[in-house]
J.: 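Once you've had a glance at the structure underneath, I'll fire off some questions.
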Amino acid sequence: MEITLQKEMLSLKEHLGHRQTEVHTESDIIVPDTKPDIGKILQTDGRARITACQVQGDRILVSGLADYCILYVPEGADGTMLECISVQLPFKDVYTDAGAENAEVQADAEILNMDSMLLNSRKLSLKGTVALHMCLSRLREEALTTDASAEVMPATKKKKIRVCSMTAAGRFSAVAATTETVPAENPPIMEILKTEAHISEEDVKLITGKIILKGVVRLTTLYTADTLRPVTMEHAIPFTEILDLPGTEEGMDYTLDYAVTDIYCEVDRDDGDGRRFGAEVTMDIRAETMLSGDIEVLDDCFCPGRKTEISREAVKLETLADAVQESISVRKTLSLPTDWPPIAAVCTLSARPTVTSVSVEGGKVQVEGEAAIEMLYLTESGAYPIEAWRDRIPFAFTTKTAAPENAEIACRVWLLDCGFTLPDTGSADVRLHLGFDLRFTEEHTVENISEITADIVDDENRPSVVIAFSAPGDTLWSIGKRYGVSAEKIAAVNHLEPHAVLTEGTRLLVP
């Protein structure tokens, strides 16, 4: 007898693991003719971005750009004047991994450290180390058997399993643009030295075929004024993006990842006094939507009166075990080295948080990391009364999770806000507000029914009624399958419910 299997197609994302490698950027930089000679290098800052990522066989080809900003005090200046040099260095790497073949790679770049050394007043040496973080995954289609049908309806038993099926994925470039005014308490802009941008997600809404994203870009701008001292100002740039993702529906799960790829600021000189400027922040947004939930699949089957054979295949499934969003406040008093000049005023304070470890144990997730702190400050002493001070602030928190200890963990951290107070001229009380997004993926295997055959058997010698006694673990289903009789028939003859729980030794009539 031919048995037809009904199947449901799922698009599954199989995580193949994380990889990390480091590449180095190095170059000698000549000071542009429009810039004055370098007296002292104060600060070297930067960000890295991926421009291309390709998989060729077992090789991952990654290339990108590292954008550096070098702040310096000009030679012969009074020490409060600042100049900047912007440098863009390319990088590339070839990473060989047997698991990369036919995989999709999501790559991100982060500058681990950077160093600039003055060779002479018109030349400097710039070195940097860029960490490449790669997440390997593979999309595959799986058909799970949900039911069986035949000329003579077979007896079936089903079970619910948890699945997470990919519905859509996309990568988008977005621009947050604005025209802003210098705060009234600040002097007009002479020259913009550097800018930093951080993205905060405010609201996300899923509708048919789209994600509506609302957020804020927090822009910090360092500039020079006619006072010859550097000045800082902050602005919030709201943005709304509509991401087209066919297959997306309301109520689905989603992931969103952001990266700032470019910042452009220009002073509006038409207003005559340098109190207005335009800003554009280009963002890279990666979005995925998925359908998580329970589906009912065929667990067992037999055809009464026939010899039933079932073939099964192991199918690996990944499900979203838990998703946790947290924010924490970190506070630490940082003290200057004793041989450093005291703080008169802070120009800028920046923080870059990085997660170093995430683990799950006993129903709790432990996150640890550190934030690299860099402070540009004025001092009344020394030949150059402006200094750049670097330090690190560790952070850690623990929160509850329903994820198992062997879950795959993806953790994203971002800076929500940072501030400081100066308890004295030798220290700074730094406060950080950090946001975290953790997603836990669990892998499990199901034995999917791939084929069922049912052949006629000779049951002439079978008695019309069999008296059976249940063994430990028996159910009406297992007894019915043993004798080729549906659980419903056995239940009816014995005046039981089809899902009645049997105790050991229960006497049953099997028709």
J.: So Ser86 and Asp67, side-chain contact (heavy atoms from CB on, under 4.5 Å) or not? Walk me through it.
T.: CA-CA 7 Å; Ser86 297; Asp67 297 315; over 6 Å; no

J.: The test is side-chain contact (heavy atoms from CB on, under 4.5 Å); show your working for Leu206 and Tyr254 and say whether it passes.
T.: CA-CA 9 Å; Leu206 274 63; Tyr254 67 89; 3.8 Å; yes

J.: Can you check whether Gln6's main-chain N or O pairs, donor with acceptor, with Thr146's side chain at less than 3.5 Å?
T.: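 Yes: the side chain of Thr146 pairs with the backbone of Gln6.
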
J.: Do Ile263 and Leu219 touch side chain to side chain, with heavy atoms closer than 4.5 Å?
T.: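 Answer yes - side chains close enough.
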
J.: Show your reasoning for whether side-chain contact (heavy atoms from CB on, under 4.5 Å) applies to Val510 and Asn494.
T.: CA-CA 9 Å; Val510 182; Asn494 292 276; over 6 Å; no

J.: Which heavy atom of Gly505 sits nearest to which heavy atom of Phe469, and what is that distance?
T.: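 The answer is O-CD2, 3.6 Å.
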
J.: Contact between Ile211 and Phe172 at the side-chain level, heavy atoms closer than 4.5 Å - yes or no?
T.: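 The answer is no, as the side chains (C-beta and beyond) never meet within the 4.5 Å cut-off.
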
J.: Can you tell which of His433, Arg218, Arg431 makes a side chain to side chain contact (heavy atoms under 4.5 Å, CB included) with Asp417?
T.: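 Among His433, Arg218, Arg431, the one meeting side chain to side chain contact (heavy atoms under 4.5 Å, CB included) with Asp417 is His433.
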
J.: Take a 6.0 Å sphere around CD of Gln20 and say whether it holds more than 12 heavy atoms from other residues, nucleotides or ligands.
T.: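 Yes, the 6.0 Å shell around CD holds more than 12 heavy atoms from other groups.
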
J.: Tell me whether Thr232 contacts the main-chain N or O of Leu222 through its side chain, where contact means a donor paired with an acceptor under 3.5 Å.
T.: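 Checking the backbone N and O of Leu222 against the side chain of Thr232, no donor-acceptor pair under 3.5 Å is found.
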
J.: Please say whether more than 12 non-hydrogen atoms of neighbouring residues, nucleotides or ligands are located less than 6.0 Å from CD in Glu497.
T.: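 At most 12 heavy atoms, drawn from other residues, nucleotides or ligands, come within 6.0 Å of this atom.
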
J.: Measure the spacing between CE of Met290 and OG of Ser292 and express it to the nearest 0.5 Å.
T.: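 Between Met290 CE and Ser292 OG, I get 6.5 Å after rounding to 0.5 Å.
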
J.: In sequence, state the C-alpha distance, the side-chain angles, and the governing distance for Ile285 and Leu256, and then conclude on side-chain contact (heavy atoms from CB on, under 4.5 Å).
T.: CA-CA 7 Å; Ile285 305 174; Leu256 290 169; 4.2 Å; yes

J.: Are the side chains of Ile207 and Glu250 in touch, meaning some heavy atoms are under 4.5 Å apart?
T.: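 Not in contact.
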
J.: Does some side-chain heavy atom of Ile467 sit less than 4.5 Å from a side-chain heavy atom of Leu508?
T.: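 Side chain of Leu508 against side chain of Ile467, heavy atoms only: no contact under 4.5 Å found.
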
J.: Taking all heavy atoms of Ala197 and all of Val217, pick out the closest pair and write down the distance.
T.: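 That would be CB-CG1, 3.8 Å.
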
J.: Do Thr25 and Tyr68 have side-chain N/O donor and acceptor atoms under 3.5 Å apart?
T.: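 On atom types as modelled, these side chains qualify, holding a pair under 3.5 Å.
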
J.: Identify all side-chain donor-acceptor contacts of residues 91-101 below 3.5 Å with residues at least two apart in sequence or on another chain.
T.:
from  : atom 1 : to    : atom 2 : distance (Å)
Asp97 : OD1    : Gly99 : N      : 2.7
Asp97 : OD2    : Arg19 : NE     : 2.2
Asp97 : OD2    : Arg19 : NH2    : 3.2

J.: So, taking the atom named CG in Leu509 and the one named NZ in Lys489, what distance separates them when rounded to the nearest 0.5 Å?
T.: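 Those atoms lie 15.0 Å apart.
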
J.: At their closest point, which heavy atom of Met252 faces which heavy atom of Gly247, and how far apart are they?
T.: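 Reported closest heavy-atom pair: CE-O, 3.3 Å.
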
J.: CD1 of Ile452 to SG of Cys303: how many Å apart, nearest 0.5 Å?
T.: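 Interatomic distance, Ile452 CD1 to Cys303 SG, rounded to 0.5 Å: 7.5 Å.
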
J.: List for me each residue that meets salt bridge (charged side-chain N to carboxylate O under 4.0 Å, His left out) alongside Arg439, sequence neighbours excluded, and say none if there are none.
T.: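 Arg439 satisfies salt bridge (charged side-chain N to carboxylate O under 4.0 Å, His left out) with no other residue.
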
J.: Quick one: do the Ser137 and Glu104 side chains pair a donor with an acceptor below 3.5 Å?
T.: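 Looking only at side-chain atoms, Glu104 and Ser137 do not form any donor-acceptor pair under 3.5 Å.
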
J.: Between side-chain atoms of residues 233-246 and protein atoms elsewhere (two or more places apart, or another chain), which donor-acceptor pairs fall under 3.5 Å?
T.:
from   : atom 1 : to     : atom 2 : distance (Å)
His235 : NE2    : Thr181 : O      : 3.1
Asp244 : OD1    : Lys210 : NZ     : 2.5

J.: Does atom NZ of Lys7 have more than 12 heavy-atom neighbours, drawn from other residues, nucleotides or ligands, at distances under 6.0 Å?
T.: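 Count over threshold, so yes.
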
J.: So does Leu132 get a backbone contact from the side chain of Thr21, meaning a donor-acceptor N/O pair under 3.5 Å?
T.: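 No; zero donor-acceptor contacts below 3.5 Å.
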
J.: To the nearest 0.5 Å, tell me how far Leu112 CG sits from Thr129 OG1.
T.: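 The distance works out to 6.5 Å.
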
J.: Any heavy-atom pair between the side chains of Met114 and Asp45 that's under 4.5 Å?
T.: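 A side-chain contact exists here, since the closest heavy-atom pair is under 4.5 Å.
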
J.: Can I get a per-line list of side-chain donor-acceptor pairs under 3.5 Å for residues 354-363, giving both atom names and the distance, sequence neighbours left out?
T.:
from   : atom 1 : to     : atom 2 : distance (Å)
Thr354 : OG1    : Glu110 : OE2    : 3.2
Thr356 : OG1    : Glu368 : O      : 3.2

J.: Find the distance between CZ (Arg140) and CG (Asn102) and round it off to the nearest 0.5 Å.
T.: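 Rounded to the nearest 0.5 Å, the CZ-CG separation comes to 13.5 Å.
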
J.: Among residues two or more places apart or on two chains, list those pairs meeting ring-ring contact (aromatic ring centres under 6.0 Å, His included) that have a residue in residues 287-314.
T.: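 Output for this query lists Phe302-Trp477.
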
J.: Taking side chain as C-beta onward, heavy atoms only, is His499 less than 4.5 Å from Leu476?
T.: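 The answer is no, as the side chains (C-beta and beyond) never meet within the 4.5 Å cut-off.
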
J.: May I ask you to say whether Arg49 pairs ionically with Asp284, meaning some side-chain N is under 4.0 Å from a carboxylate O?
T.: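 The answer is no: the pair does not qualify as a salt bridge.
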
J.: Thinking salt bridges, do Lys158 and Asp147 make one under a 4.0 Å N-O criterion?
T.: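 Asp147 and Lys158: salt-bridged.
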
J.: To the closest 0.5 Å, what do you measure between OG (Ser165) and CD (Glu8)?
T.: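 Ser165 atom OG to Glu8 atom CD measures 8.0 Å (nearest 0.5 Å).
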
J.: I need the minimum non-hydrogen distance between Pro511 and Val493, along with the two atoms involved.
T.: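 Answer, listing the atom of Pro511 first, then Val493: CG-CG2, 3.8 Å.
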
J.: Looking at Glu296 and Lys160, is there a salt bridge between them, counting it only when a charged N and a carboxylate O are closer than 4.0 Å?
T.: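 So Lys160 does not pair with Glu296 through a salt bridge.
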
J.: With a 4.0 Å cut-off on N to O distance, would you call Lys214 and Glu202 a salt bridge?
T.: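 Salt bridge absent between Lys214 and Glu202.
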
J.: So that I can tick it off, tell me whether Arg286 and Asp108 are bridged by a salt bridge, with the cut-off set at under 4.0 angstrom between side-chain N and carboxylate O.
T.: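 Judged by the 4.0 Å cut-off on N to carboxylate O distance, Asp108 and Arg286 do form a salt bridge.
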
J.: Quick one: closest heavy-atom pair of Gly46 and Ile111, and the distance?
T.: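 Heavy-atom minimum between the residues: C-CD1, 3.6 Å.
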
J.: Side chains of Leu89 and Leu65: does their closest heavy-atom pair fall under 4.5 Å?
T.: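 No, side chains not in contact.
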
J.: Show the atom names and distances, to 0.1 Å, of all donor-acceptor pairs under 3.5 Å that link a side chain in residues 311-327 to residues at least two apart or in another chain.
T.:
from   : atom 1 : to     : atom 2 : distance (Å)
Arg312 : NH1    : Asp299 : O      : 3.2
Arg312 : NH2    : Asp299 : O      : 2.8
Glu318 : OE1    : His15  : N      : 3.2
Glu318 : OE1    : His15  : ND1    : 2.7
Glu318 : OE2    : His15  : N      : 3.0
Asp322 : OD2    : Thr401 : OG1    : 2.8
Asp322 : OD2    : Ala402 : N      : 3.0
Glu326 : OE2    : Thr399 : OG1    : 3.0

J.: Which heavy-atom pair separates Ala396 from Ile328 by the least distance, and what is that distance?
T.: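 Nearest pair, atom of Ala396 first, then Ile328: O-CD1, 4.5 Å.
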
J.: Taking atom types as modelled, find out whether Thr220 and Glu196 have a side-chain donor-acceptor pair closer than 3.5 angstrom.
T.: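 No, no side-chain donor-acceptor contact under 3.5 Å.
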
J.: Step through the shown structure and confirm whether more than 12 heavy atoms of other residues, nucleotides or ligands are within 6.0 Å of CZ on Arg331.
T.: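 No.
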
J.: For Thr282 and Thr261, does a side-chain donor sit closer than 3.5 Å to a side-chain acceptor?
T.: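 No.
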
J.: Taking the basic N atoms (NZ, or NE/NH1/NH2) and the acidic carboxylate oxygens, is any pair closer than 4.0 Å for Glu288 and Lys13?
T.: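 A salt bridge is present here (some side-chain N lies under 4.0 Å from a carboxylate O).
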
J.: Check this for me, if you would: do Arg482 and Asp474 make a salt bridge, where the nitrogen-to-carboxylate-oxygen distance has to be below 4.0 angstrom?
T.: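 Looking at Asp474 together with Arg482, the answer is yes, because their closest N to O distance falls below 4.0 Å.
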
J.: Would you say that Ile199 contacts Trp414 through its side chain, given a criterion of any heavy-atom pair below 4.5 Å between the two side chains?
T.: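 Ile199 does not reach Trp414 side chain to side chain.
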
J.: Show your reasoning for whether salt bridge (charged side-chain N to carboxylate O under 4.0 Å, His left out) applies to Glu370 and Arg392.
T.: CA-CA 6 Å; Glu370 62 179 15; Arg392 294 183 178 271; 3.0 Å; yes

